[in-house]
Each structure stands twice: as structure tokens, then as C-alpha cells.
Amino acid sequence: VQLVESGGGLVQAGGSLRLSCATSGFSFDEYAIGWFRQAPGKAREGVSCISSLDGTTYYRDLVKGRFTVTADAARNTVYLEMNSLQPEDTAVYYCAAGLYGSSWDQLFDKAPLYDYWGQGTQVTVSS
């Protein structure tokens, strides 16, 4: 199983980035792919998720309207489009795969539910 993030970098406040999560080694359509982030000195937090089965998306309130998660089933790849970035969005961003199930709307940001993780990609937003 592999999840490989890419697309991180340095951007000015108000700018945009598009992260990619290329996956392999598991049944893509049985899993939800979540995006998490961890800033220095802070706990890892879930920000968004998409069900590869039916395309349902989930967002934490702090990114609603700014971040968009999409999936390309043909490429087994999930994207996180991030707009209107702010310095507080600075973090290492991880994608993770977890078996999709009921009540995922309440569980999508719970890291222990995810089985597989990528290595992370750094996003830095300058003020």
C-alpha cells in the first residue's frame, strides 16, 4: 500500500495550492481518503475527506468554502484544492485511507480510523 502526497510549497497569504495524493495497493473504491495536517507543536487534525465509493465529501468548518476535495478514480488519486490560504494553514499535510462506513460524517476527522498514511507534504503560507 502506498499513498504519496505532492504539491506542497511556499505561497503568500491569499494564494492557492493543489495537493495530490496518489494511491496504490488497495481497493480505491472501498476507502475514504482523508486529508490531515499537523502544525509545529500542535496535534494532527483532519480537515477534509472524500468517499471514493460515492464521492461524498466532508470538511471541517475552518476550511469550508476554501478547500475542495476531489477524486479521480481512473488514477486512484485524490486532490485537495486550497484557496485563500492563510498563515494558520501552515502545516505538514497528510493523506490517509480508511475503510468507508456509516456515520463517516461524524468520524472523518478521526485519525485512528485510517489504516494507511502518506509521508506528508509541507505547506507554508507567508504573511
Joint hydrophobic cluster, Leu99 plus Tyr58, side-chain heavy atoms closer than 4.5 Å = no
Should Leu62 and Tyr93 be regarded as members of a common hydrophobic cluster, given that ILVMFWY residues are connected when their side-chain heavy atoms come within less than 4.5 Å of each other, either directly or indirectly?
-> yes
Report yes if some heavy atom in the side chain of Cys49 is under 4.5 Å from a heavy atom in the side chain of Tyr114; otherwise report no.
-> yes
Identify the two heavy atoms, one from Ala13 and one from Pro87, that lie closest to each other, and give their separation to 0.1 Å.
-> CB-CD, 4.1 Å
Spacing of Gln38 atom CD and Glu45 atom CD [to the nearest 0.5 Å] | 9.5 Å
Indicate yes or no for a side-chain donor-acceptor contact from Glu5 to the backbone of Thr121 under 3.5 Å, with no hydrogens or angles considered.
-> no
Could you tell me whether the side chain of Phe108 reaches within less than 4.5 Å of the side chain of Leu113, counting heavy atoms only?
-> no
Between CD on residue Glu81 and CZ on residue Arg66, distance to nearest 0.5 Å | 12.5 Å
Answer yes or no on whether Arg44 is positioned over the face of Phe36, meaning its NZ or CZ is under 6.0 Å from the six-membered ring centre and within 45° of the axis.
-> no
If you round to the nearest 0.5 Å, how far is CG of Asn76 from CG of Leu3?
-> 10.0 Å
Between Trp117 and Tyr94, what is the ring plane arrangement, given parallel below 30°, perpendicular above 60°, and tilted in between?
-> perpendicular
With hydrophobic residues grouped by side-chain heavy-atom distances under 4.5 Å, do Phe28 and Val4 end up in a single group?
-> no
Tyr31 backbone acceptor or donor facing Ser52 side chain under 3.5 Å | yes
Can you check whether Leu19 reaches Val123 side chain to side chain, under 4.5 Å on heavy atoms?
-> yes
Rounded to the nearest 0.5 Å, what separation is found between the CH2 atom of Trp104 and the CG atom of Leu53?
-> 12.5 Å
Does a side-chain heavy-atom distance below 4.5 Å link Tyr100 with Thr56?
-> yes
From CG (Asp29) to OG (Ser51), nearest 0.5 Å | 9.0 Å
Hey, is CD on Gln2 packed in by over 12 heavy atoms from elsewhere, all under 6.0 Å?
-> no
How about Gln122 and Thr90: do any of their side-chain heavy atoms sit closer than 4.5 Å?
-> yes
Out of curiosity, does Met82 fall in the hydrophobic cluster containing Val47 (side-chain heavy atoms, cut-off under 4.5 Å, transitive links)?
-> yes
Validation row: Ser48, Leu80 side chains within 4.5 angstrom (heavy atoms) | yes
Value for CZ (Arg75) from OG (Ser24), rounded to nearest 0.5 Å, stands at 15.5 Å
Not counting sequence neighbours, which residues clear side chain to side chain contact (heavy atoms under 4.5 Å, CB included) with Val11? List them please.
-> Leu17, Leu85, Val125
Can you check whether Arg60 reaches Asp109 side chain to side chain, under 4.5 Å on heavy atoms?
-> yes
Quick one: do the Asn83 and Ser16 side chains pair a donor with an acceptor below 3.5 Å?
-> yes
Is a donor on one side and an acceptor on the other found under 3.5 Å between the side chain of Gln12 and the backbone of Ser126?
-> no
Kindly work out whether a path of hydrophobic side-chain contacts (I/L/V/M/F/W/Y, heavy atoms less than 4.5 Å apart) joins Tyr79 to Val63.
-> no
Could you tell me whether the side chain of Trp35 reaches within less than 4.5 Å of the side chain of Ile50, counting heavy atoms only?
-> no
